[in-house]
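Notes follow once the structure below has been shown.
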Amino acid sequence: MLFAAVRSASAFSIRSLNHVSAPQKASLLKHFSTAAADSDTLINNRISRAPVPSSLDARTLSENLDLVLSHLRSRRASDEALDAAKTISTLNLDRVSLIKQRDEALQQRNELSAKVGMLMRESKGEETEEIIGIKAEATTVGETAAGVEESLAEIESKMNSLLASLPNLLDDVVPDGDDDSQNELVSEWGDVSSLPKELGWDEDFTPLWHDDVATNLGGWQSDAAVGMSGARFVSLTGDVARLERAISSYFLDRAGQKGYTEVSPPLVVSRTALEGTSQLPKFEDDLFKIMPESHTCNGEDAFLIPTAEVPLTNMHAGAILEESELPISYCALTPCFRAEAGSYGRDTRGLIRTHQFYKVEMVKITTAETSADEHEKLTRHAQECLEELKIPYKKMRLCSGDVGFSAQHCYDLEAWLPSTGEYREISSCSNTGDFQARRMALRYRPAPVADANADEPKKGGKKKKKAKKPKPVLCHTINGSGLAVGRTLVAVLENYQTPDGDVVVPEVLRPYMGGLEILKKK
């Protein structure tokens with residue numbers, strides 16, 4: 001039985017094979033072609049997702065509880081998350097029972113009402129004692145149905161709340177691991193010694209932190225920012241501010257050349273919008289909430305955006321698109337606001353982790369069939385930005401314990417920072433499957449399959465009926481930084497500094513700096 005499910009769902013897993021290594025590909029193909037009837041067959045220490053290619057609803061979770069629990073454990077989820085999944089399964093059984101009770105009661109009421117009608121016709125409109133009794137019985141049955149409906153609504157509300165707390169299932173290619181130390185290296189680009197050789201770094205030169213480099217350029221005003229806004233805010237001035245703007249413009253122009261439509265979205269969004277992209281309800285502590293006395297979004301709580309992913313993906317919330325419109329590709333440059341509630345004491349210096357930062361976000365809305373390919377394309381677009389800037393980087397596949405809540409598969413791009421001699425995340429590119437689309441009711445209508453015999457007449461001369469329109473199905477959504485502007489500025493300042501304290505402007509940014517080639521130390 002599971003083999004049939006694996007075979008029917010193989011489009012999801014097989015199409016994902018274009019972004020895995022040859023050994024992994026061989027392993028996965030072997031899995032799908034062998035005895036998949038054993039539901040305990042594990043891929044990366046969890047049950048294969050193949051039987052459940054879509055995101056979870058209550059019924060799917062209940063029918064595949066062992067698989068769901070396996071993925072939650074792989075994510076190193078809390079006991080509360082595991083209990084939530086089990087509770088949903090139990091509540092779904094109660095829900096099915098209540099639906100049966102309600103339907104039986106409604107059917108009985110309809111039968112009684114029909115009987116009343118028949119008796120009224122026979123009595124020529126006179127209400128006999130029998131009719132009065134049947135009416136009373138119908139009323140009682142109707143009240144029973146209403147009571148069951150009320151209980152059903154309570155159960156469904158609780159189930160929906162619990163479902164919202166559960167993360168996405170994982171793509172089979174996601175490696176098992178506890179945290180970022182166990183992420184998988186996919187590829188590396190660049191030689192960390194190339195730029196130092198070009199810029200004349202010798203063995204005695206110790207590369208400075210980006211904030212020291214910016215200070216030497218006269219463009220670092222952190223004290224002023226902290227004085228007016230508090231910790232984790234920075235002001236940039238002069239050439240450094242101009243360099244930041246150049247990076248932003250370059251990223252936007254490049255995204256446009258790759259087919260992304262530029263959007264200038266709102267920076268304030270509703271609770272519903274954040275629920276759609278799954279920042280809420282789980283991550284409310286990381287958001288900047290606006291006081292309702294100041295503003296609400298159509299009567300809902302209002303928040304500053306943590307990323308342009310939220311407004312870009314919600315551009316089509318509740319819509320039914322046509323397959324011919326897909327994929328849709330959007331990009332936007334926005335400030336992003338994050339409270340960083342869980343990061344106390346981490347990265348307190350410089351631009352690595354601030355409450356406000358600029359980012360060029362890329363978002364794709366596509367079909368399940370093209371989802372994996374579009375994820376690869378989006379990630380590649382981010383990689384190309386780093387390569388044109390000549391910043392060495394690593395492409396990492398996030399492990400099960402590090403992948404984001406809404407992602408089924410995620411790549412991180414990590415740029416080389418010479419001051420600390422390490423690679424740091426500069427872009428995260430996630431395929432969320434239909435996880436977000438289900439939450440925001442984002443669907444598309446597949447193109448109808450042409451029937452070669454549609455115009456041929458039936459026997460008797462009548463034409464065949466036209467094929468019905470296919471039912472709408474959930475879209476897939478993909479998002480990624482292309483790139484984080486502040487962290488790119490960090491990488492440029494550190495990698496392009498000279499022993500004299502100057503900064504060489506990368507060639508691709510010079511047109512955005514009026515042809516300026518070197519930022520001089522003040």
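For the pair Arg76 and Asp179, the minimum side-chain heavy-atom distance is 4.5 Å or more. Using a 4.5 Å heavy-atom cutoff, the side chains of Met315 and Tyr330 are in contact. In this structure, Leu321 and Ile328 have side chains that are in contact, with non-hydrogen atoms separated by less than 4.5 Å. Between Leu72 and Val68, the closest side-chain pair of non-hydrogen atoms falls below 4.5 Å. Within the 4.5 Å cutoff, side-chain heavy atoms of Pro446 are placed close to those of Val473. When side chains are defined from C-beta on, Leu333 counts as touching Val485, because their heavy atoms get closer than 4.5 Å. Residues Arg438 and Asp57 meet the side-chain proximity criterion, which asks for heavy atoms closer than 4.5 Å. Within the 4.5 Å cutoff, side-chain heavy atoms of Ser430 are placed close to those of Asn479.
More than 12 heavy atoms of other shown residues, nucleotides or ligands fall within 6.0 angstrom of atom NZ in Lys394. Within a 6.0 Å radius of CD in Glu150, other residues, nucleotides and ligands contribute 12 heavy atoms or fewer. Within a 6.0 Å sphere centred on OH of Tyr358, other residues, nucleotides and ligands contribute 12 heavy atoms or fewer. Atom CZ of Arg59 has 12 or fewer heavy atoms from other residues, nucleotides or ligands within 6.0 Å.
Proximity of a side-chain donor or acceptor of His355 to a complementary backbone N or O of Phe337 within less than 3.5 Å is not detected. The main-chain N or O of Glu156 is never found under 3.5 Å from a side-chain atom of Arg95 such that the two would form a donor-acceptor pair. Using a distance-only test at 3.5 Å, with no hydrogens or angles considered, no donor-acceptor pair links the side chain of Ser70 to the main chain of Asp66. A donor-acceptor contact shorter than 3.5 Å is absent between the side chain of Arg445 and the backbone of Glu322. Looking at Asp301, its side chain never comes within 3.5 Å of a backbone N or O of Arg271 through a donor-acceptor pair. Of the possible donor and acceptor atoms, none in the side chain of Ser89 sits under 3.5 Å from a partner among the backbone N and O of Ala85. Checked by atom type and distance alone, the side chain of Ser427 pairs as donor or acceptor with a backbone atom of Ser481 at under 3.5 Å. At least one donor-acceptor pair closer than 3.5 Å links the side chain of Arg439 to the backbone N or O of Ala164. A donor-acceptor pair under 3.5 Å links the side-chain atoms of Thr90 to the main chain of Lys86, judged by distance alone. Judged by distance alone, with hydrogens and angles left aside, the side-chain atoms of Ser270 form no donor-acceptor pair with the main-chain N or O of Ala302 at under 3.5 Å.
Between Gly482 and Cys385 the shortest heavy-atom distance is O-SG, 4.3 Å. Residue Thr87 comes nearest to Leu162 through the heavy atom pair CG2-CD1, 3.7 Å, listed as atom of the first residue, atom of the second, then distance. The minimum heavy-atom distance between Glu414 and Tyr423, with the atom names listed, is O-CD2, 3.3 Å. When all heavy atoms of Ser48 and His71 are compared, the closest pair comes out as C-NE2, 4.3 Å. Closest heavy-atom contact between Leu398 and Val174: O-CG1, 3.4 Å. Heavy-atom minimum distance, Glu374 versus Thr366: CG-OG1, 3.8 Å.
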Subject >> Worked check of side-chain contact (heavy atoms from CB on, under 4.5 Å) between Thr139 and Glu143 >> reply: CA-CA 6 Å; Thr139 300; Glu143 290 172 351; 3.8 Å; yes
**OP:** Report the C-alpha separation of Leu166 and Ile88 in whole Å, then their side-chain angles, then the decisive distance to 0.1 Å, and conclude whether the side-chain contact (heavy atoms from CB on, under 4.5 Å) test is met.
**Re:** CA-CA 11 Å; Leu166 296 182; Ile88 291 169; 3.8 Å; yes
Subject >> Stepwise side-chain contact (heavy atoms from CB on, under 4.5 Å) check, Gln279 with Glu309 >> reply: CA-CA 10 Å; Gln279 277 82 11; Glu309 169 198 342; 3.9 Å; yes
Original post:
So Glu325 and Tyr444, side-chain hydrogen bond (donor to acceptor under 3.5 Å, both in side chains) or not? Walk me through it.
Top reply: CA-CA 9 Å; Glu325 298 177 74; Tyr444 76 95; over 6 Å; no
Subject >> Full working for side-chain contact (heavy atoms from CB on, under 4.5 Å) between Ser74 and Asn45 >> reply: CA-CA 7 Å; Ser74 184; Asn45 292 327; 6.0 Å; no
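In summary, of the residues considered (Leu163, Leu69, Leu169, Asn92), a side-chain contact (heavy atoms from CB on, under 4.5 Å) with Leu61 occurs for Leu163 alone.
In this structure, CD1 in Ile365 is found 9.5 Å from CD in Gln436, a value given to the nearest 0.5 Å. Atom CD of Glu184 is separated from atom NZ of Lys395 by 10.5 Å, given to the nearest 0.5 angstrom. How far CD of Glu149 is from OG1 of Thr144: 13.0 Å, rounded to the nearest 0.5 Å. To the nearest 0.5 Å, atom CG of residue Leu274 and atom CE of residue Met440 are 10.0 Å apart. A distance of 6.0 Å separates CD of Glu323 from OG1 of Thr367, quoted to the nearest 0.5 Å. A distance of 12.0 Å separates CG in Leu98 from NZ in Lys100, rounded to the nearest 0.5 Å.
Between Phe405 and Phe435, the ring planes lie perpendicular to each other; the angle is over 60°, past the 30° to 60° tilted range.
Remark: the Asp373 side chain and the Thr370 side chain contain no N/O donor-acceptor pair separated by less than 3.5 Å. In summary, the side chains of His409 and Arg397 do present a donor paired with an acceptor at a separation below 3.5 Å, with no hydrogens or angles considered. There is a side-chain donor-acceptor pair under 3.5 Å between Thr432 and Thr477. A donor-acceptor pair shorter than 3.5 Å can be found between the side chains of Ser428 and Asp412. Side-chain contact annotation: Tyr411 with Glu376, donor-acceptor N/O pair under 3.5 Å present. No hydrogens or angles considered: a donor-acceptor pair under 3.5 Å links the side chains of Ser371 and Asn431.
A salt bridge links Arg380 and Glu384; the closest N-O separation between the charged side-chain nitrogens and carboxylate oxygens is under 4.0 Å. Arg49 has no carboxylate O lying under 4.0 Å from a charged side-chain N of Asp171, or vice versa, which leaves the two without a salt bridge.
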